[in-house]
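Everything on this sheet refers to the single structure shown next.
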Amino acid sequence: MSTTLHFCKYQGTGNDFVMVDDRANQFDAADHQRVRHLCDRRRGIGADGLILLRQHPEYDFEMVYFNADGHLGSMCGNGGRCTVAFARRLGVIETDTRFLATDGPHEARIEADGLVHLRMQDVRGQQEIDDYGVFLDTGSPHLVRFEPTGILAGLDVFAEGRALRNGELFRQKGTNVNFVEAPVAPGQPWQVRTYERGVEDETLSCGTGVTAVALAASRHGAASPVQLRTPGGELQVAFEAQPDGSFTHIYLSGPATFVFEGEV
Ligand SMILES: N[C@@H](CCC[C@H](N)C(=O)O)C(=O)O
């Protein structure tokens, strides 16, 4: 029998999360069915994922991320930004923080206007895969596909993303799939739509996804900082490209918004 759960709902450029203050370590992380139910948009609260904020002896907090399918997920960039805002609301941090996530330590800063700058883990490189696109891991696995100008808005991201995510190449571990359109004029943003593993649908944005897109776009003329537009809003990714093909000093910046709090 589950106890009453107090939660906060947050969203980062439309990627939305149930946030739980689990500093008392009470939430059963093995209860996949409960996480799935809480994320269900008809029978539960509704979200792309659920995030536990837990105590950690060496960091300000630990972030534990679950995809909407109820299973532990890999790093969530938008969720990381929302967790920083949640930690600020709880009084766990002031403005600067160093926290632990599933892919290791992250530094972040939250501005007075709520904008969050999240440092991502370094990325070793990227792999061009004929007929598929570019594959890289920014804390979560991402396939990046550069599409011709003008087709992104009409693309069936659900069908095309699902086919690639479950196809022969990625079936075993899955991948997130990002469909990208380059800017049509200088100063315009790169446009991105993402099919997300573990949500198994298009989300309004994906933080590790736009990070992967910005790094892959650096081979198509994109210079740091890269502005990216998703159906859920605009994000910025700054980075340093190293001579060996790796990327360091990667920062994902964007809003993280409190939506409501409640009990269930
Ligand atoms: N929405 C997240 C990505 C969360 C993990 C992803 N669904 C996966 O399973 O790889 C983000 O903002 O990065």
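As the structure lists them, so they are numbered: ligands from 1, and atoms in each ligand from 1. Only this structure's heavy atoms are used, side chains among them; waters, hydrogens and symmetry mates stay out. For reference, positions follow the sequence shown, starting with 1.
One hydrophobic cluster holds both Leu52 and Val264 under the rule that ILVMFWY side chains link at heavy-atom gaps under 4.5 Å. Under the 4.5 Å side-chain heavy-atom criterion for ILVMFWY residues, no single connected hydrophobic cluster contains both Val180 and Phe170.
Without hydrogens or angle criteria, Thr97 side chain to Ile93 main chain gives no donor-acceptor distance under 3.5 Å.
Short contacts between ligand 1 and Tyr65, defined as distances under 4.0 Å to a heavy atom of the residue, involve ligand atoms 4 (C), 5 (C). For ligand 1, the atoms sitting less than 4.0 Å from at least one non-hydrogen atom of Asn78 are 11 (C), 12 (O), numbered in the order shown with element in parentheses. Near Ser74, meaning under 4.0 Å from one of its heavy atoms, ligand 1 places the atoms 8 (C), 9 (O), 10 (O).
No more than 12 heavy atoms of other residues, nucleotides or ligands lie within 6.0 Å of CZ in Arg124, so this atom counts as exposed by the packing criterion.
Ring geometry, His106 versus Phe99: the interplanar angle falls under 30°, so the pair is classed parallel (tilted spans 30 to 60°). Taking the six-membered ring where the residue is Trp, Phe258 and Tyr10 present perpendicular rings, their angle passing 60° and hence far from 30°.
Residue Asp48 does not touch ligand 1, judged by heavy-atom distances below 4.0 Å. With a 4.0 Å heavy-atom cut-off, ligand 1 is reached by the backbone of Thr208 and by its side chain too.
In terms of protein heavy-atom proximity, atom 12 (O) of ligand 1 is closest to Gly207 N, 2.7 Å. Here the protein heavy atom with the shortest distance to atom 10 (O) of ligand 1 is Asn176 ND2, 2.7 Å. Looking only at protein heavy atoms, the nearest one to atom 9 (O) of ligand 1 is Asn67 ND2, 2.9 Å. Shortest contact from atom 2 (C) of ligand 1 to any protein heavy atom: Cys76 SG, 3.2 Å. Of all protein heavy atoms, the one lying nearest to atom 5 (C) of ligand 1 is Ser140 OG, 3.6 Å.
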Would Phe27 and Val64 count as a side-chain contact (heavy atoms from CB on, under 4.5 Å) here? Give the steps.
CA-CA 11 Å; Phe27 192 96; Val64 181; over 6 Å; no

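Taking only non-hydrogen atoms, the option from Arg81, Glu196, Met120, His142 nearest to atom 1 (N) of ligand 1 is Glu196.
Polar contact with ligand 1: present for Gly77 (N/O pair, distance under 3.5 Å).
Taking the six-membered ring wherever Trp is involved, the centroid distance between the rings of Phe7 and Phe260 falls below 6.0 Å.
Residue-ligand proximity: Cys206 is placed with a non-hydrogen atom under 4.0 Å from ligand 1.
The two atoms that bring Asn176 and Ser140 nearest to each other are ND2-CB, 3.9 Å, heavy atoms only.
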